There are 2 protein chains.
Amino acid sequence: MLNLVPFVSVDRMMKLVHRIGVERMLTDLATAIETDFLRWGQFDKTPRIASHSDVGVIELMPTSDGQTYGFKYVNGHPSNMKRGLQTVTAFGLLADVETGYPVLLSEMTILTALRTAATSAMAAKWLAPRGATTMALIGNGAQAEFQALAFKAVCGLTEVRLYDIDPTATAKCAKNLAGTGLTVTPCRTAEDAILGAQIITTVTADKTNATILSDNMLGAGVHINGVGGDCPGKTELHRDILTRSSIFVEYPPQTRIEGEIQQLPPDHPVTELWEVIAGRATGRTDPAQVTLFDSVGFAIEDFSALNYIRSKLAETGLYEDLDMIADPDDPRDLFGMLLRAA
Amino acid sequence: MLNLVPFVSVDRMMKLVHRIGVERMLTDLATAIETDFLRWGQFDKTPRIASHSDVGVIELMPTSDGQTYGFKYVNGHPSNMKRGLQTVTAFGLLADVETGYPVLLSEMTILTALRTAATSAMAAKWLAPRGATTMALIGNGAQAEFQALAFKAVCGLTEVRLYDIDPTATAKCAKNLAGTGLTVTPCRTAEDAILGAQIITTVTADKTNATILSDNMLGAGVHINGVGGDCPGKTELHRDILTRSSIFVEYPPQTRIEGEIQQLPPDHPVTELWEVIAGRATGRTDPAQVTLFDSVGFAIEDFSALNYIRSKLAETGLYEDLDMIADPDDPRDLFGMLLRAA
């Protein structure tokens, strides 16, 4: 029944996460994304299509591997939190390239949180210092716990040091992470949080050129996972940090516009993460090196995540069928189908 | 409940069309589109984002008027018909620009057929010769009946002359139009179909540079409604027709790529339809003039159609609520919501 499109609601996505297990799902997603990054050349790639307003952005993120087409709708509205709404909400779709018919519609607010964390941890596996066990987590909002658990599941993280300008966000994050097996240390300052951390994750939400990390806070031999800076005018790191870091990105044409590197000249050298995974470029070469994953989120990560969800439909049954595509018996007789419905 | 997004299924869309009446709905849509064309400058505009494959195209068509954001997903796969599938299927979404939260998800296979026909008829109201009552309809597939009824409802058409290379398509179309009040004349050739017609609509599906109309078939004083040529390499009219027509388009940056005018130099003069409606440009100035509406379909038309559907939700109740947006009580506690769902 091609007119029916499997739909994964928020409720079913949460059930699916618990059926699989959060950490297992984060590990699976990291593997799925890494596998798709390995075949980078097979994908149609384009910077996401953004519609900006004073208060936020709405974006469409399409890609295709020639067999399957996928896109995500996602918004980013930092002001939403004040009115009790999510900063980021999303949904996504997969379609068959051969026919153009959709084959999956899914909530992606939760799935984006999972895939973003999985991508961060996958990148850190290639870039962080060997034996890294402690992460500073600056920004303790909606994405924070997902980051902590992804690094635990994928990179063997054992301790997370939390900081947020709002202590209630830190308390919320610490409470949610209790019982996960991670040592959780709430901190009063960002400086305190990064003490002894080999990995520093910044995931704050303000749409400003903020300085969450300044250069003098930072020693050698750390990996920075910069997640929160992801649109024009929204950065988290001081420019001086960037100039002494080895910078790794997803898709340069998009990251140049949206990432931390929007602060740098357009020809500043960066390395594409997929090239490190494919053995075409080197990742970390020196224990003292500062590496930066300037993450903005790319369409292929959503494609990987949606395909993963699709692969779980049959065994879990966690979907419903949506009557979304008009599909008359005679394809030329759309009007006749409408007439007969009277 | 912002987590719930009203969804209009195919079944409910058909019920809605019958509740309102097909011709009334076509007239309403023509008015809605015309009204939005009048405020053209308020919209964010971009050519649609196309993902091409050997057999077809998948496109995203976003726009925003600063208050509401809308986009349509639509495919075009001429080879689908052979396997019993629709050439064009679509769905669309509206969202609140202020929050980024979706406010409507709707099937748009039927709605696209309606809005395309409504746009054609609206354009003809401004461009066709006064008192036009007869239309040649070349290409009698899924879009044909919608075109015929839109011209009847909006322009006062009384006779339609049908031609298709496949006589069974013509028979299907004639059967569906019986009882609508239109005089329906099946024809054996395109030449026969255009006899006495003041309006010529071409709406064929092949993805080729076809010549549905050649220059010597065409007299003076007609309006051509060119609907089927709508992507690179897919045209219907001989180039010589274009050079002696006054050409009207929706959004030049998109039509230059996709329309009949892809056959012409990029600086060939065209008039934007909205300018005619707004009184900033002239439409038909001479009864002997050949006017061409080189229609490819633009995002604002879908935006108008989706807003029209949205305006009918409360009074008709013809929708269901989709659990599509994760919306925890504390917006920073997405993970906590997930935990509590266990």
Side-chain angles (χ1 to χ4, degrees), chain A residues 2-3 9-11 14-15 17-18 44 46 49 51 53 55-56 58 60 62 64 66 69 71 73 75-77 80-81 84-87 89 91 93 95 97-101 107 109-110 113 141-142 145-146 169 172 176 322-327 330-336 338-339 341-342, chain B residues 2-3 9-11 14-15 17-18 44 46 49 51 53 55-56 58 60 62 64 66 69 71 73 75-77 80-81 84-87 89 91 93 95 97-101 107 109-110 113 141-142 145-146 169 172 176 322-327 330-336 338-339 341-342:
Chain A
L2 287 167
N3 62 316
S9 66
V10 174
D11 182 59
M14 295 196 294
K15 287 189 168 70
V17 175
H18 288 296
D44 270 352
T46 180
I49 299 95
S51 177
S53 69
V55 292
I58 295 176
L60 299 175
S64 163
Y69 170 93
F71 84 91
Y73 167 102
N75 75 300
H77 284 68
N80 270 2
M81 206 191 55
L85 301 179
Q86 286 285 292
T87 301
T89 72
F91 72 91
L93 179 113
V97 167
E98 188 74 11
T99 63
Y101 275 47
E107 89 80 34
T109 306
I110 293 166
E145 298 92 335
F146 296 94
K172 177 261 334 176
N176 283 335
L322 277 195
D323 168 32
M324 204 161 113
I325 302 300
D327 193 48
D330 174 356
R332 292 170 309 187
D333 202 13
L334 185 64
F335 189 81
L338 178 60
L339 273 188
Chain B
L2 286 168
N3 62 315
S9 66
V10 174
D11 181 61
M14 295 196 293
K15 287 190 168 70
V17 174
H18 288 295
D44 269 350
T46 181
I49 299 94
S51 177
S53 69
V55 292
I58 295 176
L60 299 174
S64 164
Y69 171 94
F71 83 92
Y73 167 102
N75 75 300
H77 284 68
N80 270 2
M81 206 191 54
L85 301 178
Q86 286 286 292
T87 301
T89 72
F91 72 92
L93 179 114
V97 168
E98 188 73 11
T99 63
Y101 274 46
E107 90 79 35
T109 305
I110 293 166
E145 298 92 338
F146 296 94
K172 177 262 334 178
N176 283 335
L322 276 196
D323 169 31
M324 204 161 112
I325 301 299
D327 193 47
D330 173 356
R332 293 171 309 188
D333 202 14
L334 185 64
F335 189 82
L338 178 60
L339 273 187

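Small disclaimer: the values here were computed from a predicted structure and weren't measured. In what follows, chains are A, B, ... by sequence order, proteins preceding strands, each numbered from 1.
- The residue among B:L60, B:I325, B:T109, B:T87 with the most heavy atom pairs within less than 4.5 Å of chain A is B:L60.
- Contacts with chain A were tallied for B:T46, B:N176, B:V97, B:L322; B:N176 has the most, counting heavy-atom pairs under 4.5 Å.
- The contact between A:T99 and chain B is made by backbone and side chain atoms together, counting heavy-atom distances below 4.5 Å.
- Considering only residues two or more places apart in sequence or on other chains, A:V10 meets the side chain to side chain contact (heavy atoms under 4.5 Å, CB included) condition with A:M14, A:E107, A:I110, B:D323, B:A326, B:M337.
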Practice problem: Check the pair A:Y101, A:N3 against side-chain hydrogen bond (donor to acceptor under 3.5 Å, both in side chains), reporting the backbone distance first and the verdict last. | Solution: CA-CA 8 Å; A:Y101 275 47; A:N3 62 316; over 6 Å; no

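- For the set B:S64, B:P62, B:S9, B:P331, the count of heavy-atom pairs under 4.5 angstrom toward chain A peaks at B:P331.
- Here the CD-CG distance, from B:E145 to A:L334, works out to 8.5 Å after rounding to the nearest 0.5 Å.
- Residue contact with chain A, scored on non-hydrogen atoms closer than 4.5 Å, involves the side chain of B:V17 exclusively.
- Taking all atoms of both residues into account, the shortest heavy-atom contact from B:G100 to A:T89 is O-OG1, 4.1 Å.
- Both the backbone and the side chain of B:D333 come within contact range of chain A, each with at least one heavy atom under 4.5 Å from a heavy atom of that chain.
- A distance of 4.5 Å separates OG of B:S53 from NE2 of B:H77, quoted to the nearest 0.5 Å.
- Not counting sequence neighbours, the partners of B:D11 by the side chain to side chain donor-acceptor pair (under 3.5 Å) test are B:K15.
- Only the side chain of A:N80 comes within contact range of chain B, judged by heavy atoms closer than 4.5 Å.
- Interface residue A:I49: only side-chain heavy atoms are found under 4.5 Å from chain B.
- The aromatic rings of B:F91 and B:Y73 lie parallel to each other, with less than 30° between the two planes, well short of the 60° mark.
- Nearest heavy-atom pair, A:A142 versus A:K172, reported as atom, atom and distance to 0.1 Å: N-NZ, 4.3 Å.
- Residue contact with chain A, scored on non-hydrogen atoms closer than 4.5 Å, involves the side chain of B:Y69 exclusively.
- Using a 4.5 Å cut-off between heavy atoms, A:A169 touches chain B through backbone and side chain atoms alike.
- For chain B, the option among A:L85, A:D330, A:D44 with the highest count of heavy-atom pairs below 4.5 Å is A:L85.
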